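Structure record follows, encoded as structure tokens.
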Amino acid sequence: MTFAKSYEPGAYESDIYAAWEADGIFEPTIPTYPIDNDGNGKDDREEERPEDPSSSDTLKGARPSLRSSKEGLPGRHAYSIVMPPPNANGNLHIGHGLTVALEDSLTRYYRLRGLSSWYIPGADHAGFETWVVYERFLEKQGHTRFEFSRDELYARVWDFVAEQRGNMELQLRALGASCDWDDLTFTLDENVVDRVYTTFEKMWNDGMIYRGEKLVNFCPKHQTAFADIEVEHKDEKGTLWDIAYEIVDESESEDSRLAPSRPSLRGSVAQSAPLRSRTVSNPLIPDSSIIVSTTRPETLFGDVAVAVNPEDERYKDLVGKFVKLPLTDKLIPVITDEHADPEYGTGAVKITPAHDFDDFEVGERHSLPRVQVISEDGKMINVPEEYEGLTATECRKKVLKDLKEQGLLLGEKRIEHSVAHCYKCGTVLEPMLKEQWFVDVEKLATTAMSHLEKGEIKFYPENKGKVLINYLRGLRDWNISRQIPWGIAIPMFRKIDEAATDEPDWIFDRRTNLTEIEKGGVRYVRDDDTFDTWFSSAHWPIVCTNWTEENFNPYYPLNVMETGADILFAWVARMIMVGLYVTGEVPFKEVYLHGLVLDEHGQKMSKSKGNVINPMDLVARYGSDAFRLGILRGRSAGMNQAFSENSVIAGRNLCNKLWNISRFVQAIVESEGDSEVSSSVSRGESDDSPAALRLYSSETSESPSYSTNNMGEDWICREINECLEAVEKDMTEYRFAEAVEILYSTIWDKYADWFLESQKLFKNIELLKETLKTLLIAMHPFAPFVTEAIWQNLPWTEGFIATAKWPARLDYDPISAEEFEKLMVVVSEVRGTLQALPGTNNAKKYGLLYDNDSLVQDNEFLIKILTKVPEINSLNGAPRGLRLALANHELYLDIPEKVVSEYKDALTERIMAVGRELDALNMRMMNPNYVEKAPEHLVKETQDAIAEKEALIARLKQQLEII
RNA sequence: GGGGAUUUAGCUCAGCUGGCUAGAGCGUACGAUUCACAUUCGUAAGGUCACAGGUUCAAGCCCUGUAAUCCCCACCA
């Protein structure tokens with residue numbers, strides 16, 4: 001293969017990925033194995049943070065003996081990370097692009113560091129999301145869900161998803177995700193379902209699962225309930241109506257008091273007995289009524305009380321009395337409850353436990369019945385005949401009209417209040433009384449909090465740990481039932497043999513493939529609901545790593561959980577709770593949360609705004625590496641940050657630069673190097689040794705294959721070492737953008753602009769090879785394709801760069817490296833001054849004169865090539881030309897006096913600028929406290945700087961006088 | 001009401017343990033061009049670090065307060 005003139009990602013990427021995959025280099029190398037009889041296999045693990053492999057002896061040397069009796073089964077050296085499973089049914093969006101860029105960089109980095117890295121891919125059945133898509137699909141075909149049984153629907157969606165699947169996996173490959181595809185976990189895989197059932201059974205046996213009649217947020221369109229977290233609250237304008245409830249004389253109502261009943265678990269429509277109509281006071285006189293305010297008049301039929309605040313003096317006398325529910329004969333009591341806010345409206349509030357979350361709680365406190373008046377399909381039930389069957393909206397109109405006619409509607413006003421909406425279709429959610437399965441979260445949350453408070457999980461950004469604790473503190477019981485067929489069936493069966501009174505009403509059974517089962521002669525029917533997807537997703541680290549009770553698993557807990565900050569509560573919190581519950585360990589040691597990718601103006605991407613960026617489109621145009629580099633740029637943990645094509649273009653340019661650097665080095669090696677020399681760099685790994693084994697090949701302190709011959713060479717070694725150190729630190733701290741930035745500047749500004757330029761003069765073949773190799777490996781986690789493409793093109797590298805060994809530090813002479821910095825200052829000053837001179841193309845016109853300056857004298861050719869001045873000579877005789885503004889050098893540009901005088905203004909400005917700097921330094925030294933209290937080295941630095949600037953000013957002034 | 005963030009160059013963002021003469025990319029201006037790369041090279045301009053106090057020898061960074069922007073949770077009869 002040869003190097004084309006520019007890097008064409010499209011020509012390499014898919015072949016490279018296929019080669020990686022064919023060689024199985026993404027597979028982890030450490031197996032799990034049974035725990036010994038003593039059962040404490042886990043405890044032998046040494047506390048090891050692979051995130052910090054730079055500490056010298058972490059990776060090299062002694063293969064950790066996890067158990068002396070189990071040779072060859074290392075317990076560390078494992079690095080595991082799971083992919084938040086993308087929807088199996090969809091395409092990747094920009095968020096997935098970021099996810100892969102982050103996670104794959106980590107995976108590749110730790111793979112290069114020699115850890116057995118396992119990036120476990122997944123696909124999500126995305127219960128509700130996919131269901132919505134499928135239902136729409138059904139509708140288009142003229143069908144509805146009600147034509148099919150639950151099992152039929154499940155089978156149909158399975159096929160539907162199977163058709164779509166694979167697309168997403170191809171896209172992940174295109175992004176370079178170094179996943180082990182054999183271990184892809186689908187959220188409906190058998191092992192997932194098994195594990196979920198096991199957990200559910202355990203919870204059931206532990207008494208943490210209960211079936212409760214509670215109010216749930218119910219979407220009338222999708223016919224399913226949601227968890228609190230899935231509800232979207234929006235502020236909307238609404239109307240608040242004042243309605244008079246007539247007060248009934250206590251004595252009259254004594255006999256027909258509405259008996260408060262205990263809310264039974266099953267009793268949904270404990271309807272009060274209808275009461276005969278009776279004479280009442282004049283409704284038009286407010287004194288005879290109690291006025292309540294409501295935004296939902298149609299639910300008044302479900303009212304079971306009117307509540308006032310216990311402190312509210314206005315209603316003291318009314319408490320315990322009864323009021324007549326308008327449009328009916330029902331009498332309901334006036335009760336006291338803190339919920340009633342004396343400041344709001346009239347201070348009296350109607351209580352409708354079956355249709356309002358607060359009222360539900362009030363009802364619980366006062367043992368009030370729950371009267372459901374709106375059914376799941378949105379029709380009125382349990383209401384007077386003339387309202388029966390109306391939709392809630394129709395009913396509202398009629399109720400208002402009828403109230404008005406009776407003079408009971410006393411007022412209305414427009415208000416703004418927040419309304420719960422379906423996050424998918426925007427329909428207003430109806431609080432609905434339903435029996436659902438709930439998880440009692442108290443124990444789970446308490447345990448999770450205690451582990452979090454002990455700092456067992458490190459969060460990036462740090463504050464999210466506290467946010468999570470705060471959330472867990474107020475967590476309410478978790479509704480895990482969903483009324484959609486596409487999901488994991490809840491393994492609970494209800495008794496249908498009425499006669500079997502001794503048997504429990506509900507039993508746990510795994511045979512969810514059957515709608516009806518028999519056990520002990522009793523027949524049971526399957527609950528048709530499925531699990532909330534977060535209930536199964538909460539097991540993700542457990543199921544992806546194949547964690548079991550029996551085996552020691554070096555990949556659990558995960559090293560890191562990387563996911564979106566927006567699902568901290570929905571997912572991360574639940575993984576922690578369930579992980580602890582199932583395994584007793586936190587499921588991951590660190591959490592990195594990324595924010596949203598916004599458009600270039602900081603706006604959220606949305607289809608309606610038309611500002612959606614498709615990552616695959618950018619990959620197609622600029623290459624996978626360019627995309628990855630671009631999206632990591634300027635990004636930090638937890639922040640919603642803008643993204644634009646420009647950053648991808650910058651990434652593309654870097655890839656091309658790297659390509660051309662390699663092309664150039666390769667050309668030098670070919671033209672100058674002889675084969676004998678080049679063979680000495682190969683480092684003793686035989687060609688046929690599998691990649692996996694090379695991971696553990698001992699790292700030795702081999703003597704370098706090169707020697708440095710000039711200060712530029714020492715300098716680049718030093719710079720590369722610093723770069724490596726920075727990248728290692730940045731990766732440990734998840735500072736991806738910084739890692740990319742230091743690589744960018746090292747490769748471009750230092751390696752190409754200075755070192756390679758100087759190598760046009762001095763060619764150090766071995767050093768060129770070694771430094772290029774080092775930079776390529778360091779760059780590989782972020783730009784896997786171009787580095788591999790180059791690696792494969794270079795004749796002196798072997799195997800895949802993807803499984804290469806993270807480079808060791810380069811040897812160099814630090815004094816010589818420091819000298820090069822001085823030379824750079826000289827070169828920059830020459831360039832800058834030439835630019836500032838009037839006229840163009842100055843570099844080629846004027847030579848450089850030095851007086852008694854060994855740095856310049858010794859590096860004449862190097863300076864010439866870097867500044868492009870035509871000649872460099874010793875100044876023989878009196879100074880002439882333009883003196884350069886360098887404190888420690890006697891350097892002149894050989895310029896005619898006429899041109900020099902034109903430079904006078906620039907020179908004056910220069911002197912002023914240095915003067916300002918000098919003043920600031922002097923101010924500092926004049927402060928006795930500074931001299932006394934600041935660290936000694938700082939004071940000395942200041943003194944040195946003053947001396948230097950004073951000397952410089954003196955020289956420049958001298959120059960000015962000459963002009 | 002409770003909680004969490006953000007505010008630094010025209011734009012998007014770094015700035016970690018206080019030592020800064022505040023950085024990068026993009027953009028802008030000027031210049032270059034056979035010799036790896038115009039997806040290039042060189043040079044430069046561009047800053048009241050939101051504001052007001054405080055601590056300190058020293059504050060972009062720490063403390064107090066203010067303003068603006070944003071997110072999450074709860075409530076809104």
Side-chain angles (χ1 to χ4, degrees), chain A residues 3 5-7 228-229 233 235 238 240-241 292-296 307 339-341 344-352 356-359 415-419 461 463-464 466-467 470-471 474 565-566 568-569 595-596 598 600-602 622 626 633-636 638-644 646-647 649-668 729-730 733 735 737-738 741 744-745 752-753 756-757 760 828 831-836 839-844 867-868 916-917 920-921 924 927-935 937-939 941-942 945:
Chain A
F3 281 103
K5 195 175 176 187
S6 61
Y7 176 58
D228 296 340
I229 203 146
H233 288 274
D235 280 341
L240 189 64
W241 287 279
V292 301
S293 305
T294 181
T295 52
R296 304 205 55 192
H339 168 62
D341 176 2
Y344 192 94
T346 58
V349 53
K350 72 194 211 41
I351 301 300
T352 323
D356 182 280
F357 288 95
D358 290 321
D359 294 2
I415 55 154
E416 187 142 299
H417 62 152
S418 96
V419 181
N463 70 300
K464 295 292 181 186
K466 283 183 200 129
V467 173
N470 196 43
Y471 168 76
D566 54 333
L568 174 65
F569 298 155
L596 291 179
L598 307 174
E600 59 184 321
H601 306 295
Y622 300 110
R633 179 172 289 257
R635 210 154 288 278
S636 49
M639 300 263 295
N640 297 346
Q641 281 159 317
F643 171 68
S644 77
N646 276 340
S647 58
I649 291 172
R652 187 269 317 255
N653 293 354
L654 177 61
C655 292
N656 187 60
K657 188 73 183 178
L658 198 54
W659 180 262
N660 275 292
I661 284 170
S662 307
R663 189 156 80 104
F664 179 58
V665 169
Q666 169 60 7
I668 294 175
K729 189 157 180 277
D730 289 337
E733 295 166 9
R735 299 153 64 89
E738 285 80 355
E741 193 172 313
Y744 188 105
S745 68
D753 290 349
L756 285 190
E757 286 305 318
K760 286 177 177 170
S828 294
R831 285 172 176 171
T833 308
L834 287 168
Q835 284 277 338
T840 60
N841 234 341
N842 292 323
K844 290 195 166 169
T867 59
K868 296 196 169 69
R916 284 190 292 271
E917 286 167 21
L921 292 172
R924 199 178 299 170
N927 180 347
N929 283 323
Y930 174 70
V931 182
E932 205 175 303
K933 294 187 183 174
H937 73 274
L938 280 173
V939 178
E941 267 174 37
T942 311

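Chain letters run A, B, ... following the sequence lines, proteins first, then strands; residues in each count from 1. Keep in mind that what you see is a predicted model, and the values were worked out from it rather than measured.
- The two residues Glu600(A) and Ser644(A) have their closest heavy-atom pair at CB-CB, 3.4 Å.
- Of the side-chain N and O atoms in Gln641(A), one or more sit less than 4.0 angstrom from OP1 or OP2 of rA14(B).
- Comparing rU55(B) with rU17(B), their P atoms are spaced 24 Å from each other, to the whole Å.
- Ranked by how close their nearest RNA chain B nucleotide is to the 5' end, Ser636(A) and Glu416(A) are led by Ser636(A).
- Taking all atoms of both residues into account, the shortest heavy-atom contact from Asn640(A) to Leu596(A) is OD1-N, 2.8 Å.
- Side-chain atoms of Arg924(A) do not come within 3.5 Å of backbone N or O of Val931(A) as any donor-acceptor pair.
- To the nearest angstrom, C1' of rC37(B) lies 10 Å from CZ of Phe664(A).
- Taking atom CG on Asn640(A) and atom P on rU12(B), their separation rounds to 14 Å, with Å as the unit.
- To the nearest whole angstrom, the two C1' atoms, one in rU8(B) and one in rG46(B), are 14 Å apart.
- In RNA chain B, the stems built from three or more successive Watson-Crick or G-U pairs (distances below 3.5 Å) are B:1-7 with B:67-73, B:10-13 with B:23-26, B:28-32 with B:40-44, B:50-54 with B:62-66.
- Between rA67(B) and rU21(B), the two C1' atoms lie 31 Å apart (nearest whole Å).
- Classification of the Tyr7(A)-Trp659(A) ring pair by plane angle, with boundaries at 30° and 60°, yields tilted.
- Formation of a donor-acceptor pair under 3.5 Å by the Gln641(A) side chain with backbone atoms of Gly595(A) is not found in this model.
- Remark: the backbone N or O of Asn656(A) is paired with a side-chain donor or acceptor of Asn660(A) at under 3.5 angstrom.
- Taking the C1' atom of each, rA22(B) and rA14(B) are spaced 11 Å apart, rounded to whole Å.
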message = Protein within reach of the bases, or only the backbone? For nucleotides 54-64 of chain B, mark each nucleotide 5' to 3' as B, S or -, using heavy atoms under 4.0 Å.
response = ---B-------
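- Annotation: salt bridge (Lys or Arg N to Asp or Glu O under 4.0 Å) contacts of Glu917(A) (sequence neighbours excluded): Lys949(A).
- If you check every strand for non-hydrogen atoms under 4.0 Å, Glu738(A) touches sugar and phosphate atoms only.
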task = Tell me, with the steps shown, if Leu938(A) and Tyr930(A) meet side chain to side chain contact (heavy atoms under 4.5 Å, CB included).
result = CA-CA 9 Å; Leu938(A) 280 173; Tyr930(A) 174 70; 3.8 Å; yes
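- If you measure from atom OH of Tyr344(A) to atom C1' of rG1(B), you get 15 Å, rounded to the nearest angstrom.
- To the nearest whole angstrom, the two C1' atoms, one in rA29(B) and one in rA9(B), are 15 Å apart.
- Between His601(A) atom NE2 and rC11(B) atom P there is a gap of 12 Å when expressed in whole angstrom units.
- Not one side-chain nitrogen or oxygen of Arg633(A) sits closer than 4.0 Å to the OP1 or OP2 atom of rA14(B).
- By the ring pair (Phe, Tyr, Trp, His ring centres under 6.0 Å) test, Phe664(A) pairs with no residue at all, sequence neighbours left out.
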note = 5' to 3', nucleotides 2-9 of chain B under a 4.0 Å protein heavy-atom cut-off (B base, S sugar-phosphate only, - none) gives -SSSS---
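- Glu733(A) places its CD atom 14 Å from the C1' atom of rG15(B), with the value rounded to the nearest Å.
- For the P atoms, the distance linking rC13(B) with rG3(B) amounts to 27 Å, nearest Å.
- Rounded to whole Å, the distance from CG on Leu598(A) to C1' on rC70(B) is 10 Å.
- Using a 4.0 Å heavy-atom cutoff across all strands shown, Tyr7(A) reaches no nucleic acid atom at all.
- Taking 3.5 Å as the limit, the base of rC16(B) and the side chain of Lys729(A) contain a donor-acceptor pair of atoms between them.
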message = Walk along nucleotides 40-45 of chain B from 5' to 3' and tag each nucleotide B, S or - by protein heavy-atom contact under 4.0 Å, base first, then sugar-phosphate.
response = SSBS--
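- Atom P of rG47(B) sits at a distance of 14 Å from the matching atom of rG23(B), rounded to the whole Å.
- Rounded to a whole Å, the CG atom of Asn646(A) is 8 Å from the C1' atom of rG27(B).
- Taking the P atoms as reference points, rC26(B) lies 39 Å from rU64(B), given to the whole Å.
- Among the heavy atoms of the strands lying under 4.0 Å from Arg735(A) is at least one base atom, whether or not backbone atoms are also near.
- Backbone-only contact: Leu240(A) has heavy atoms under 4.0 Å from sugar-phosphate atoms and none from a base.
- Nearest-nucleotide positions on RNA chain B for Cys655(A) and Thr294(A) put Cys655(A) closer to the 5' end.
- Heavy atoms of Ala642(A) sit under 4.0 angstrom from primed sugar atoms or phosphate atoms, though from no base atom.
- Within the nucleic acid shown, Asp359(A) has no heavy atom closer than 4.0 Å to any nucleic acid atom.
- Atom CD in Glu600(A) sits roughly 14 Å away from atom C1' in rG10(B) (whole-Å rounding).
- Among the heavy atoms of the strands lying under 4.0 Å from Arg663(A) are primed sugar atoms or P, OP1, OP2 only; no base atom is included.
- Nearest heavy atom pair, residue Tyr744(A) against residue Ala650(A), reads CE1-O, 4.1 Å.
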